Chemist: 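Just passing along the structure, written as structure tokens.
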Amino acid sequence: MQLAKAYSHIDLESKWYRYWVDEKLFAPGAGAGQTYSIVIPPPNVTGSLHMGHALNNTLQDILCRYKRMDGFRVLWVPGTDHAGIATQNVVERQLAERGTSRAQLGRAKFIERVWEWKKEAGDAILHQLRALGVSCDWSHERFTMDEGLSLAVREAFVKLWEDGLLYRAQRLINWCPRCKTALADIEVVHEEVDGSLWHIRYPLADDSGDSLIVATTRPETMLGDTAAAVHPEDERYQHLLGKKIRLPITGRIVPLIADVYVDKEFGTGALKITPGHDFNDFEIGERYNLPRISIFDADACVDGAVFLARGEAGAWIERYNGKERFAARQLVVAELADNGLLEKTEPHKLSVGRCYRCQTVIEPYLTPQWFVNIKSLAEPALQAVRDGRIKIVPEGWCNSYYAWMENIKDWCISRQIWWGHQIPAWYCKSCESANLMQNADGDYLFSKDAKPIVSRTQPSGCPTCGGTELIQDPDVLDTWFSSGLWPFSTLGWPERTEDLKLFYPTSALVTGFDILFFWVARMIMMGLKFMGDVPFRDVYIHALVRDEHGQKMSKSKGNVIDPLELMNKYGTDAFRFTLAAMAAMGRDIKLAEDRIGGYQSFVNKLWNAARFVQMNLSESERPTRWSVQASGSNRKPDQVPDLGLADRWIYSRLAATLTEARDAIDGYRYNDYANGLYRFVWHEFCDWYIEMSKLALNGAIGDDREGARRRLAELLDQILLLLHPVMPFVTEEIWQVMGNGRPSIMIQQYPQPRPEWIDGAAEKQMEFLMGVVRAIRNLRTELNCPPGKEVKAIFCGQQADLDFLHGQEPFLRSLARVGRAEYRAAGDGPKGAATAVVGATEVYLPLDDLINLDEERVRLAKEVAKMADEIARVQKKLSNSDFVAKAKEEVIQKERDKAIQFEEKIRTLRSSLEKIQDLQAGRK
RNA sequence: GGUCGCAUAGCUCAGUUGGUUAGAGCGCGCGCCUCACAUGCGCGAGGUCGUAGGUUCAAGUCCUACUGCGACCACCA
């Protein structure tokens with residue numbers, strides 16, 4: 001088979017992916033090898049994958065392919081997350097578009113509908129992952145609401161309950177009035193907004209005419225005020241202490257309390273207290289045993305019934321009943337103003353909490369919820385990172401982790417939605433009849449006093465009364481509760497499976513920092529609790545992918561780029577290579593599209609290098625026979641001394657590249673990995689080695705054409721193996737097409753550097769040769785010498801260097817178009833020549849043209865000036881007695897060498913310059 | 001308010017533990033269809049490394065302050 005003239009990613013990518021799946025190359029396989037495992041951060045089944053997923057999965061795939069080739073039994077578990085609220089919202093929106101709703105469908109039908117969506121979205125996600133080329137083991141694919149994972153969730157819940165780490169309580173929680181559910185603290189996104197600070201006059205209840213002016217950002221909550229407060233030492237208010245206040249509008253009589261919490265400097269120094277709708281006020285209320293009034297219903301509309309139930313009355317209830325909270329605010333402010341009770345309104349910046357799923361402003365709301373008593377779980381999780389059992393990379397994130405873990409609050413895990421793991425707790429209908437209500441959705445609600453029966457399966461009867469009518473708690477669990485179990489639930493827990501034994505703890509977790517607390521921290525706590533061991537050894541935290549201007553990609557900004565589009569346009573390998581090359585640690589990725597184009601060229605370059613190699617091989621010389629990998633350990637290492645300079649050099653560079661590549665990938669330095677390979681392939685192998693190999697292939701140098709071909713093929717193999725983890729498709733295509741039926745590159749051994757390849761002398765010599773070639777090319781270009789025209793070169797310098805160059809004449813001819821070379825003693829340069837200095841060797845191209853003389857004179861003068869600057873710098877250093885006294889000996893020696901070299905160079909340049917000037921003067 | 005990160009070529013970014021004339025890709029300029037590749041080849045221009053101090057023989061690299069940008073955390077009405 002021949003490699004096509006050009007690489008066509010569109011056709012080849014799907015072909016090879018299918019091949020890998022069919023050949024079952026993603027499975028960990030049997031055998032005794034060391035295991036390596038990763039669980040995928042399961043994408044939400046809310047829609048399609050974005051750039052962050054592409055990065056995340058590319059990085060994981062690089063690790064997995066590398067480790068697999070390096071002899072590990074690799075298991076990469078793929079899957080998706082049900083993403084409770086987010087997914088429910090997506091489906092609710094779809095229903096709304098069709099003019100129906102969740103409530104109309106009812107719970108069972110609605111859930112059915114979400115499952116249909118899950119199928120659709122899940123398939124799309126899997127399609128995208130495959131397009132990316134990820135090598136996960138699809139036979140291990142999991143979904144957080146799979147039967148097995150549901151079992152794990154119930155097991156975990158019951159265990160926590162049995163260990164006293166779960167409780168149900170009525171607390172002020174973050175309530176999203178749109179999603180109509182409780183949220184955990186971290187699911188609230190705080191945002192600074194421009195608001196107002198209203199100063200409101202609260203008259204005293206004694207009708208003395210005295211009053212207190214409080215300042216608030218939420219005047220509507222005054223309907224639920226149950227106190228006002230001032231600082232006990234605030235002189236302004238001493239005369240009011242112990243008095244009572246009659247609230248405007250409601251007429252409720254509430255105490256004025258004195259508490260040090262109040263900041264005398266803020267606002268008026270007086271504070272209204274609403275324990276039912278403010279977290280701080282709730283705490284103060286607890287200290288003073290204040291009543292908590294929930295003035296809103298689940299939609300955050302004023303609930304008149306609440307006041308009636310308290311025995312409060314008045315026309316105001318009519319006016320406010322059913323008013324949405326912001327409408328209520330306007331009404332309160334207007335009424336206060338009408339009654340002369342609004343003293344002042346001033347602009348004020350405040351932070352509002354919003355639902356992380358729908359951006360609705362959160363309402364602190366008093367409801368019974370389930371909480372995890374988190375402290376005893378957090379402590380070991382903190383310890384695991386502190387003592388290094390879990391390594392976070394980059395380690396800067398440890399601080400965030402510690403800070404969060406140390407201040408962690410109990411975790412509210414119940415959600416009042418339908419899509420998710422329903423809480424495995426039941427209530428006896430007859431025992432709890434006093435605690436039972438039904439909400440608008442038809443769900444039963446149980447008050448804070450109801451006694452749950454927690455059980456892995458539905459209990460057959462009530463343990464207290466024997467009644468058989470048991471109602472399951474309608475709430476579902478926070479989606480992160482189930483994803484917190486992911487590293488072991490996907491491996492079969494609570495069963496004690498072979499997978500768990502082999503692959504837990506997993507080796508690495510690759511994820512974005514945005515879910516460090518949501519997910520990573522929870523997995524660590526859960527893993528330690530239920531498995532008794534950390535869930536993973538390394539956590540690699542990668543950056544956010546932004547657009548080329550550094551903006552976060554978001555639908556609303558319209559700057560979202562679909563990864564599939566880029567893959568189609570540039571090819572997946574180029575896309576993956578770009579992501580890897582830009583994944584520098586601790587820095588966001590600003591994805592500029594032309595960068596991907598640049599790496600597409602790299603794919604093309606590799607392709608053409610392969611075509612060149614193939615072109616030179618006969619059918620019988622295909623890599624099947626010669627490949628280092630194919631012939632395995634039987635193959636004897638190359639006898640280095642027999643190789644020519646270019647060969648010794650490229651193998652030495654290969655050894656260095658291999659070492660760097662392994663170090664880079666082992667340290668999660670993907671950018672170093674990608675860039676190192678780029679440099680080696682393009683600027684060493686293609687730019688120099690291939691060019692030089694042409695002479696050996698033609699027989700222009702040496703007499704081992706077969707050896708030259710063989711080494712070319714072998715080097716190409718090494719390059720393909722090195723690149724495969726980043727560019728799986730094109731490497732497989734070349735590997736297979738050229739290899740006449742050898743097995744997939746995926747199951748080849750990842751290259752090891754061989755010590756005998758390292759050859760410092762060859763590298764030095766090549767650098768010298770390359771320097772000379774570059775110098776000549778430079779002179780030619782500067783002097784407008786046509787590329788095709790051969791020139792005569794005169795080299796002056798030390799005998800050893802001259803001998804060396806003499807031996808390299810064929811290369812000087814092919815690489816620099818040197819037709820004739822002459823060798824002289826140092827300083828014996830010709831009159832009127834373009835001049836360069838490489839190391840200790842002077843390089844002259846004799847000039848025969850006045851125009852050239854002029855140009856060369858100008859050029860030399862510039863060079864001389866530049867050199868003079870350098871010399872001045874070095875001399876300044878060397879004449880500094882402190883430098884000579886204190887710097888390391890090797891550093892001083894380096895500077896001295898430099899000084900000598902520069903002096904020689906400038907002498908040569910000056911002498912050439914003078915000669916040209918003489919020549920020109922003579923002609924005039 | 002607290003914590004952390006980032007400022008290097010026109011653009012996007014590298015620059016491990018302070019020590020050769022600070023690098024790459026893209027873009028730009030000039031010259032080349034040289035038999036793997038014009039998605040290419042060769043050569044080049046372009047940076048007082050955010051500002052001001054400090055430590056050091058030596059600072060893009062370490063310290064301090066400042067400016068600008070960003071992120072995370074936080075109950076100040």
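Just so it is clear, the structure is predicted and the values come from calculations on it, not from any experiment. Order of the sequence lines fixes the chain letters, A, B, ..., with proteins taken first and strands second; residue numbering starts at 1 for each chain.
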Chemist: Base, sugar-phosphate or nothing for L197(A)? Non-hydrogen atoms, less than 4.0 Å.
Modeler: nothing
Chemist: Report which part of the nucleic acid K888(A) touches: base, sugar-phosphate, or nothing (heavy-atom distance under 4.0 Å, all strands).
Modeler: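 Base contact.
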Chemist: Any strand is fair game: report the nucleotide pairing with U64(B) by Watson-Crick or G-U wobble, both distances under 3.5 Å, or none.
Modeler: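 Pairing partner, where one exists within any strand: A52(B).
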Chemist: Take the protein atom CD of E856(A) and the nucleotide atom P of C43(B), then report the distance between them rounded to whole Å.
Modeler: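 Rounding to the nearest Å, CD of E856(A) and P of C43(B) are 17 Å apart.
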Chemist: If pairing requires Watson-Crick or G-U wobble contacts with both distances under 3.5 Å, which nucleotide is the partner of G10(B)?
Modeler: C26(B)
Chemist: Cation-pi check, K694(A) to F612(A): give yes when NZ or CZ is under 6.0 Å from the six-membered ring centre and within 45° of the ring axis, no otherwise.
Modeler: yes
Chemist: The side chain of F517(A) is closest to which nucleotide in this list: C43(B), G31(B), C72(B)?
Modeler: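 Nearest to the side-chain atoms of F517(A), counting from C-beta on, is C72(B).
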Chemist: With a 4.0 Å cut-off on heavy atoms, is V262(A) in touch with a base, just the backbone sugar-phosphate, or nothing at all?
Modeler: base
Chemist: Are N778(A) and G44(B) close enough that a side-chain N or O sits under 4.0 Å from OP1 or OP2?
Modeler: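 The answer is yes; a side-chain N or O of N778(A) sits under 4.0 Å from OP1 or OP2.
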Chemist: For atom P, what is the distance between G10(B) and G47(B), given to the nearest Å?
Modeler: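 Per the computed distance, 7 Å lies between those P atoms.
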Chemist: Please state how far atom CD in E192(A) lies from atom P in A77(B), giving the value in whole angstrom units.
Modeler: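 Going from E192(A) (CD) to A77(B) (P), I get 10 Å.
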Chemist: Is any side-chain N or O of K877(A) closer than 4.0 Å to OP1 or OP2 of A58(B)?
Modeler: no
Chemist: Would the number of heavy atoms belonging to other residues, nucleotides or ligands and lying under 6.0 Å from CD of E192(A) be above 12?
Modeler: yes
Chemist: Between N or O atoms, less than 3.5 Å apart, protein on one side and nucleotides 37-41 of chain B on the other: list the pairs.
Modeler:
unit_1, atom_1, unit_2, atom_2, d
C37(B), O4', N608(A), OD1, 3.0
C37(B), O4', N608(A), ND2, 3.4
C37(B), O2', N604(A), OD1, 3.2
C37(B), O2', N608(A), ND2, 3.3
C37(B), O2, K605(A), NZ, 3.0
C37(B), N3, K605(A), NZ, 2.8
U39(B), O2', N604(A), OD1, 2.9
G40(B), OP1, S601(A), OG, 3.0
G40(B), O3', K605(A), NZ, 3.1
C41(B), OP1, K605(A), NZ, 2.8
C41(B), OP1, W682(A), NE1, 2.8

Chemist: Across all strands, who's sitting opposite U21(B) as a Watson-Crick or G-U wobble pair, both distances under 3.5 Å?
Modeler: none
Chemist: Run the salt-bridge test on K898(A) and E895(A) with the 4.0 Å N-O cut-off and return the result as yes or no.
Modeler: yes
Chemist: To the nearest angstrom, how far is Y402(A) atom OH from C73(B) atom P?
Modeler: 19 Å
Chemist: Going by the angle between their ring planes, with limits at 30° and 60°, are F577(A) and Y678(A) parallel, tilted or perpendicular?
Modeler: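 Answer is tilted, since the angle falls between 30° and 60°.
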Chemist: For Y678(A), which contact category applies under a 4.0 Å heavy-atom criterion: base, sugar-phosphate, or nothing?
Modeler: sugar-phosphate
Chemist: I'd like the C1' distance from C26(B) over to U34(B), given in whole Å.
Modeler: 26 Å
Chemist: Rounding to a whole Å, what distance do you find between E395(A):CD and C4(B):P?
Modeler: 14 Å
Chemist: Quick check on RNA chain B: between C785(A) and R817(A), whose nearest nucleotide comes earlier from the 5' end?
Modeler: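 The answer here is C785(A).
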Chemist: Please report the distance separating the C1' of G50(B) from the corresponding atom of G60(B), rounded so that it comes out in whole Å.
Modeler: 12 Å
Chemist: Find the distance R873(A):CZ to G19(B):P and express it as a whole number of Å.
Modeler: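 For the pair R873(A) CZ and G19(B) P, the rounded distance is 14 Å.
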Chemist: Before giving the answer on side chain to side chain donor-acceptor pair (under 3.5 Å), spell out for H199(A) and E346(A) the whole-Å C-alpha distance, their side-chain angles and the decisive distance to 0.1 Å.
Modeler: CA-CA 8 Å; H199(A) 294 237; E346(A) 57 185 1; 3.1 Å; yes
Chemist: How is A403(A) classified with respect to the nucleic acid when contacts are heavy atoms under 4.0 Å: base, sugar-phosphate, or nothing?
Modeler: nothing
Chemist: With rounding to the closest Å, how many angstrom separate the C1' atoms on A14(B) and C57(B)?
Modeler: 29 Å
Chemist: Given A77(B), A36(B), C75(B), identify the nucleotide with an atom nearest to the side chain of D263(A).
Modeler: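 From the listed options, A77(B) comes nearest.
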Chemist: Starting at atom NZ of K876(A), determine the distance to atom C1' of G19(B), rounded to an integer number of angstrom.
Modeler: 16 Å
Chemist: If the P atom of G19(B) is compared with that of C73(B), how far apart are they to the nearest Å?
Modeler: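 One P to the other, the span is 37 Å.
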Chemist: How is A887(A) classified with respect to the nucleic acid when contacts are heavy atoms under 4.0 Å: base, sugar-phosphate, or nothing?
Modeler: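 If one applies the 4.0 Å heavy-atom cut-off, A887(A) turns out to touch a base.
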Chemist: Separation of E265(A) atom CD from G1(B) atom C1', in whole Å?
Modeler: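 Whole-Å distance recorded here is 16 Å.
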Chemist: Roughly how far apart, to the nearest Å, are A58(B) and G18(B) at atom P?
Modeler: 15 Å
Chemist: When you measure from the side chain of F883(A), which nucleotide among G25(B), A77(B), G19(B) comes out closest?
Modeler: G19(B)
Chemist: Consider only side-chain N and O atoms of Q600(A) and N604(A), and report whether a donor and an acceptor are under 3.5 Å apart.
Modeler: no
Chemist: Touch check for S400(A), heavy atoms < 4.0 angstrom, all strands: base, sugar-phosphate only, or nothing?
Modeler: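 Since no nucleic acid heavy atom lies under 4.0 Å of S400(A), the category is nothing.
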Chemist: Using a heavy-atom cut-off of 4.0 Å across all strands, would you classify F266(A) as base, sugar-phosphate, or nothing?
Modeler: base
Chemist: With rounding to the closest Å, how many angstrom separate the C1' atoms on A52(B) and G44(B)?
Modeler: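 That atom pair is separated by 36 Å.
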Chemist: Work out how far the C1' atom of A38(B) is from that of G42(B), and round it to whole angstrom.
Modeler: 13 Å
Chemist: Nearest to the V891(A) side chain among A77(B), G19(B), A36(B), which nucleotide is it?
Modeler: G19(B)
Chemist: Taking any heavy-atom pair under 4.0 Å as a contact, classify H683(A): base, sugar-phosphate, or nothing.
Modeler: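 Sugar-phosphate contact only.
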Chemist: Suppose we define a pair by two distances each less than 3.5 Å, Watson-Crick or G-U wobble; what does G5(B) pair with here?
Modeler: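 Result: C69(B).
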